[in-house]
Amino acid sequence: MERNELKKLLADMSLQEKVDQLVQLAGFFYLNDVESILLGPAKEMGVTEENIQQAGSILGSYGAETLKKIQKEYMEKQPHHIPMMFMLDVIHGMKTVFPAPLAQGAAFDPELSGRCASAAALEAAVSGLHVTFAPMVDLVRDARWGRVMESNGEDPYLTGQLAAAQVRGFQGEDMSAFGKVCACVKHFAGYGAAEAGRDYTGAQVSDRSFQEYYLKAYKEGIDAGAGMVMTSFNTVRDIPASTNVWLMRDVLRGEMGFDGVLISDYGAIMETIAHGYSEDESAAAANGIKAGVDIDMMTNIYAGHLAKLVEDGKIPVELVDESVWRVLELKNKLGLFENPYKDADEEAEKKYILCDEHRALAREAAAKCCVLLENDGILPLDPKSGKKVAFIGPYVNRKQMNSSWAFTGDVEASVTIEAAAKEVFADDKTTYLAGSPVLNPGQMLVGFFDFKPEEITEEQQKEMLAQAVEAAKAADTVVLAIGEHYLQSGEATSRAMLDVPEPQMALLREVAKVNENIVVVLFNGRPLDLREIKATAKAVLEVWLPGTEGGHAIVDVLTGAVNPSGKLSMSFPHCVGQVPVYYNAFTTGRPTIPNVPERFKSKYLDIPNDPLYPFGYGLSYTDFAISPVTLDNAVLTADSEIRAKVTVSNTGSVSGTEVVQLYIQDAFGSVVRPKKELKGFKKITLAAGESQEVEFVIDEPMLRFLRADDTVGSEPGLFRVWVANSSAAGEAVEFELK
Ligand code: GLC
């Protein structure tokens with residue numbers, strides 16, 4: 001629709017009709033008879049039949065047939081026949097589920113994540129959707145927080161690169177194009193800094209850390225053109241994000257230049273009352289619209305109060321018009337005025353959903369996200385060696401390998417480890433046993449009322465264990481597939497312990513008594529305390545929550561069909577007491593000196609300062625040698641460049657891929673600076689014996705930071721450079737910025 005027509009449409013709308021464009025309801029409001037809705041959820045929520053008939057968007061429903069029906073009936077009743085927008089959390093896959101975002105961070109592969117987002121967008125679009133509430137780009141450092149699973153990790157540069165790639169993957173160059181949807185960068189802002197790692201608490205970070213670490217990836221996603229941003233549940237500077245004028249108008253729209261739609265998180269505007277910020281619903285509505293939050297998700301705060309606030313002169317109608325304009329503009333960008341059904345098409349659903357191409361991509365991605373943490377040489381396994389392999393653990397034959405944010409995924413379509421292993425290992429050389437439940441029988445997960453606890457008796461559990469131990473005894477090698485329950489990570493799943501559930505650790509201990517050749521395959525949505533697993537197993541393969549093709553990908557890696565190349569996107573602590581732990585921290589005035597056990601140093605009495613496994617770390621089946629880094633100049637100026645070069649050699653016996661990482665430290669500054677910061681990375685694949693030069697260009701803009709005077713810029717002085725395959729590896733060389 002032409003801009004002037006859109007302007008005319010806005011001018012023709014009644015006040016309540018405008019307000020209702022800013023209301024998002026659940027799809028089920030339109031899928032049940034009006035009477036039951038009005039007397040049930042609508043009444044409970046405080047929304048009227050008019051609100052329902054005029055609501056600008058819905059969330060939570062999908063399917064071409066369903067959404068076409070909703071749209072048709074809605075537009076017939078909508079006074080100006082304005083199309084509705086359909087939104088859903090397609091975080092890492094629609095029906096074909098790709099690895100969880102924390103896993104995708106470990107692939108260090110923006111191109112791959114872009115392809116996964118594009119495939120997810122296609123399946124979402126043909127299912128009738130217009131907007132996905134992804135990518136989640138919250139920087140994370142606290143493994144207690146269950147939503148680290150949805151993040152790409154602890155580094156601003158890596159998460160920024162992936163945010164931009166995912167936005168482009170979801171939206172393409174034109175979000176109205178076939179197979180594209182609008183991306184929504186979330187949760188703005190600083191949600192990952194939730195105090196004590198407990199969901200929904202305040203972000204206790206300094207303005208400086210907020211700027212230097214937490215805001216950067218949102219900016220990359222917005223600069224990539226994200227059409228929407230979602231507010232976060234937490235407070236920033238002790239004001240709830242969803243009513244935070246500084247955060248939303250000064251930072252998001254002012255400094256970052258975001259002019260798209262800002263949607264609240266679920267009920268987040270109303271929750272500013274519980275925060276003790278908005279005194280009542282009317283105040284919450286005024287505070288939300290003043291902050292420039294355009295859509296109120298799933299409450300009656302805007303629906304029931306905005307019009308009266310305007311009529312009573314308490315808020316100018318211009319604030320409402322501004323938000324309605326952004327909503328209409330987004331609908332226009334999606335082409336909905338010309339085609340309200342966009343790509344919704346049952347035939348296209350059959351063609352694209354879970355198609356071979358998407359399955360192949362899911363398999364490729366899941367393998368590339370695997371991180372080999374330990375291997376004494378027991379891996380890769382040779383299916384033709386004639387050796388007996390016992391696949392043991394609750395994840396051996398478990399289809400649910402998706403995250404809790406992949407509820408649209410087709411779990412039945414998943415390929416399990418057992419199914420994949422049977423394709424390559426001889427039946428008479430393998431056994432497959434669960435050995436234990438995921439959780440203790442009867443164990444509930446707080447708040448998951450639809451959760452079905454393991455219903456096995458103590459006797460059955462003992463029998464499962466005994467059978468597994470027998471199988472382990474008879475095998476040459478045990479592949480132990482264990483991990484968190486998929487509902488132990490995601491929203492509202494903070495954990496104070498970072499352990500693999502007890503029955504599975506008991507399984508590990510009993511198996512280890514009869515067979516020392518153990519390969520642990522780890523399923524988890526967060527860093528865990530792996531000290532006992534590290535001490536017991538001969539290999540540890542981190543597979544995260546790998547998605548639909550998890551079984552194929554894992555067997556591909558176990559057998560060496562794919563040489564693992566993943567690198568940790570988040571540090572793994574020794575134990576929960578070490579959290580938060582992250583590589584780009586400050587040194588402190590009393591840094592510990594390796595192997596010098598001094599008392600008055602910044603340290604723990606009971607664990608090392610370094611994490612058990614550092615950011616950027618991951619092994620391969622081959623060996624890579626990275627030469628000392630050379631700089632083509634020891635001095636950098638504002639308009640020059642330095643080329644940092646290494647030679648990477650594959651000194652092993654098989655081809656492999658290495659993630660070569662560039663880290664820089666600003667040795668002294670007007671404020672203290674991190675020990676090092678990731679400034680670049682390159683993935684290179686080398687055949688056995690092959691060498692390749694890898695070069696990074698260092699320039700002055702990459703050295704800029706928020707200085708003591710609150711300006712952003714670089715400062716002359718000494719800098720150190722590492723080029724290595726982990727944040728904890730390599731030797732530094734120095735240059736000076738003049
Ligand atoms: C949830 C989540 C958010 C999600 C939204 C809609 O509470 O915080 O990430 O997009 O509600 O489901």
Side-chain angles (χ1 to χ4, degrees), residues 23-29 41 45 55-62 85-94 100-102 117 120-121 124 127 129-140 145-152 159 163 166-167 170 181-194 197-203 217-218 221 226-236 240-242 260-272 274-275 288 293-299 301 402-409 447-448 487 489-494 525:
V23 175
Q24 180 169 90
L25 301 175
F28 69 76
F29 276 65
M45 197 170 145
S57 62
I58 60 172
L59 84 162
S61 293
Y62 56 93
M85 257 187 302
F86 299 134
M87 307 188 191
L88 187 72
D89 295 282
V90 181
I91 310 299
H92 55 100
M94 178 80 194
L102 192 60
S127 302
L129 291 164
H130 306 142
V131 180
T132 178
F133 295 134
M136 187 271 216
V137 297
D138 302 321
L139 187 96
V140 293
W145 193 51
R147 302 198 77 166
V148 302
M149 175 274 291
E150 302 167 57
S151 162
N152 292 135
T159 51
Q166 292 172 84
V167 166
F170 284 125
V181 295
C182 173
C184 174
V185 164
K186 69 183 187 183
H187 307 77
F188 200 78
Y191 187 23
R198 201 170 67 252
D199 217 345
Y200 314 126
T201 56
Y218 301 113
M228 186 177 282
V229 168
M230 183 184 292
T231 70
S232 58
F233 288 119
N234 55 287
T235 55
V236 177
S242 301
V261 170
L262 178 59
I263 188 169
S264 81
D265 201 339
Y266 201 108
I269 299 174
M270 175 178 276
E271 291 174 10
T272 61
H275 273 288
V293 180
D294 300 319
I295 297 178
D296 170 22
M297 186 189 290
M298 272 304 276
T299 81
I301 294 293
N402 303 334
S403 87
S404 53
W405 271 114
F407 51 80
T408 57
F448 286 92
L487 292 177
S489 60
E491 185 172 358
T493 63
S494 298

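Only heavy atoms go into these numbers, but all of them, side chains included; no hydrogens, no water, no symmetry mates. Counting convention: from 1, in listed order, for ligands and their atoms alike.
Between F233 and E491, some side-chain heavy-atom pair lies under the 4.5 Å cut-off. Side-chain contact between S403 and H92 is present, with at least one heavy-atom pair separated by less than 4.5 Å. Using a 4.5 Å heavy-atom threshold, the side chains of Y62 and F86 count as separate.
Annotation: ligand 1 has protein neighbours L59, D89, F133, R147, K186, H187, M230, F233, D265, Y266, M297, W405, E491, each with a heavy atom less than 4.0 angstrom from the ligand.
Taking the six-membered ring where the residue is Trp, Y200 and Y191 present parallel rings, their angle staying beneath 30° rather than reaching 60°.
Taking CH2 of W405 as the start and CE of M149 as the end, the distance is 8.5 Å to the nearest 0.5 Å.
In this structure, the side chain of T235 does not engage the main chain of P240 through any donor-acceptor pair within 3.5 Å.
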